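Quick notes on the structure that follows.
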Amino acid sequence: MGIVLDADVMGARVKEVDIGNISHTMSSLYELNIVATEVVRTIVDRANIYGRITMIDSLGRYIRMGVLGLSLTTLGFFFLFFIRIRPSYLALYLGFAIIIIGIIMAAYYIVKILRASIKTILRPDSKSRNLRSFFYMHSPLIVSALIMFAVLFTMLGSVHVDEGKISIEPAARNVIFWKQPVENQTIDIRGPYTVDSAIENESSIIRMPEDAMKTLELNYGDSIIIGDESYALRPPIDGEDSIMRIPYDARTTMGLNVGDVISDGELRNLFKDIYAEKKISLNTSNITATEGTIIKNTAKDAKIINLYLNNKKIGSTSGILKDGNYRIYVDGYLYKIITIDKDANQKTFLVTDGDDVIKIEVAGDVKSSNEFPTSDNGILFYFNF
């Protein structure tokens, strides 16, 4: 039977010839049963080899659906870590939805597969043949599971734990879980960013994606000092959500080239110890305030500083505050230099302009990746009445 099927598939011609008379004794039913079983097994084996049937039984359907569930789970992880969709939370929710659906589907059909497989293995016929069949039938499911775990462990194996955040950085994307404050915890998918040259006539402007600004804890309209030159921070051009346009002089100082790709986790390392001035959000229109900050790559013990205008709180900020002297400017002029001493009891400092009094209060403890500059490195605050 096997020879006939092989010949048919290979396109060979089959010719019937006379071989004379054959006399034989009728075999017993037991012997005929063995022959019939081998004939049927040969037909089924050849049908499998030549693609005539493909797991059309219940167990085959369970395996296909189990593989589908594991594949969906793997796809969900790729959505979560690698795929960029705007708004960014859409990829996050879609990835989680696909993962949940995939896990439920895979778990449901794997249970069915295990039940059917146990019955098959425990059948009284040939154990070795059953084990071979078990391997052939289940190897796609096993490999799919291994691929899913490999993808998951590769992603989670690139975890960088820092105070205040966990950064998971595969080659193409990274996920940052912001831990503080807990009640406002969010998950952002950020980076990577590609370095490009500045637009013509923008030699003093750096255009940076919003995600990069969040990582550096800066805002559009702030300024940053690179190589003794001040650069204003501006939004990217439409359609360039992952492009950082940096002027030539700033790129040279930072050791960057056009086309360099920067992961979000490396961004603070790249801008480490760079001085910036950023505006403080105040709930008053009577004054504006700007603070100096030095970008650091790790979160350390810091202080909250509250600002009061005529005993009414108008805003707050935070940063690493060391012992030393700090400069405060008012309307473009140096107003005073204050001294911070952790061992001293003085926690408040006053700035007056006519009838207006600003109180600077050094308050509670917090973690921060930015440092307030001492008088040798920049300004603490700039108030404009």
Side-chain angles (χ1 to χ4, degrees), residues 79-96 160 162 164-181 184-199 202 204-226 230-247 250-251 254 256 258-272 274-282 288 290-291 293-297 299 315 317-319 368-370:
F79 260 95
L80 195 63
F81 286 86
F82 289 98
I83 297 177
R84 174 183 292 273
I85 298 177
R86 290 296 182 183
S88 59
Y89 63 80
L90 183 60
L92 179 68
Y93 294 153
L94 186 58
F96 275 124
H160 172 70
D162 198 356
K165 65 180 180 180
I166 301 175
S167 178
I168 305 175
E169 300 178 5
R173 307 274 313 149
N174 48 342
V175 175
I176 297 178
F177 299 81
W178 295 99
K179 292 293 187 182
Q180 296 178 346
N184 294 325
Q185 178 176 323
T186 61
I187 301 177
D188 293 332
I189 302 178
R190 302 179 182 178
Y193 314 106
T194 303
V195 177
D196 204 343
S197 58
I199 299 174
E202 290 192 356
S204 61
I205 293 176
I206 294 179
R207 293 190 176 272
M208 191 174 294
E210 183 179 358
D211 289 345
M213 297 291 292
K214 291 179 181 178
T215 297
L216 295 176
E217 300 180 30
L218 298 173
N219 299 302
Y220 295 127
D222 296 342
S223 60
I224 192 167
I225 310 300
I226 302 175
S230 178
Y231 298 90
L233 299 177
R234 297 287 186 268
I237 301 173
D238 291 341
E240 294 188 352
D241 293 339
S242 61
I243 302 296
M244 296 176 58
R245 290 194 173 273
I246 304 176
R251 293 201 315 272
M254 300 175 72
L256 294 173
V258 173
D260 287 349
V261 178
I262 305 169
S263 68
D264 193 83
E266 287 297 319
L267 197 59
R268 295 195 74 94
N269 289 330
L270 181 66
F271 284 85
K272 180 183 177 183
I274 288 181
Y275 173 75
E277 293 183 354
K278 61 179 184 178
K279 297 178 180 178
I280 304 175
S281 178
L282 302 177
T288 59
T290 300
E291 69 172 287
T293 185
I294 298 176
I295 300 171
K296 297 296 182 180
N297 61 343
T317 184
S318 64
S368 178
S369 300
N370 288 344

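Quick caveat, the model's predicted, so the values are computed rather than measured. Just the heavy atoms: all of them, side chains too, but no hydrogens, waters or symmetry mates, feed the values below.
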Of Ile225, Asp222, Ile224, the one forming a side-chain contact (heavy atoms from CB on, under 4.5 Å) with Tyr231 is Ile224
In Å and rounded to the nearest 0.5 Å, what is the [atom1] to [atom2] distance from [X] to [Y]?
X      : Y      : atom1 : atom2 : value
Asn269 : Asn297 : CG    : CG    : 4.5 Å
Leu216 : Lys278 : CG    : NZ    : 10.0 Å
Asp264 : Ser242 : CG    : OG    : 12.0 Å
Glu291 : Asn370 : CD    : CG    : 7.5 Å
Ile206 : Ser230 : CD1   : OG    : 9.0 Å
Leu256 : Asp196 : CG    : CG    : 12.0 Å

Quick check: does any side chain N or O of [X] sit under 3.5 Å from a backbone N or O of [Y], one acting as donor and the other as acceptor?
X      : Y      : answer
Arg268 : Ser369 : yes
Lys279 : Asn219 : no
Tyr220 : Glu210 : yes

query: After noting the C-alpha distance and the side-chain angles of Leu218 and Leu233, does the key distance pass the side-chain contact (heavy atoms from CB on, under 4.5 Å) rule?
result: CA-CA 9 Å; Leu218 298 173; Leu233 299 177; 3.7 Å; yes
With a 4.5 Å cut-off on side-chain heavy atoms, are [Y] and [X] touching?
X      : Y      : value
Ile199 : Ile237 : yes
Tyr193 : Ile243 : no
Met244 : Leu267 : yes
Met208 : Pro236 : no
Ile274 : Ile226 : yes
Tyr275 : Ile295 : no

**Asked** Within a reach of under 6.0 Å around CD of Glu240, are more than 12 heavy atoms found that belong to other residues, nucleotides or ligands?
**Response** yes
Discussion item. One pair to check against side-chain contact (heavy atoms from CB on, under 4.5 Å): Leu270 and Ile262. What are the steps and the verdict?
Written reply: CA-CA 9 Å; Leu270 181 66; Ile262 305 169; 3.4 Å; yes
Exercise for the section: Step by step, work out the side-chain contact (heavy atoms from CB on, under 4.5 Å) result for Arg251 and Ser197. Expected result: CA-CA 9 Å; Arg251 293 201 315 272; Ser197 58; 3.7 Å; yes
The residue among Arg207, Arg234, Arg245 that forms salt bridge (Lys or Arg N to Asp or Glu O under 4.0 Å) with Glu202 is Arg207
- Would you say the side chains of Glu277 and Thr290 form a donor-acceptor pair under 3.5 Å? no
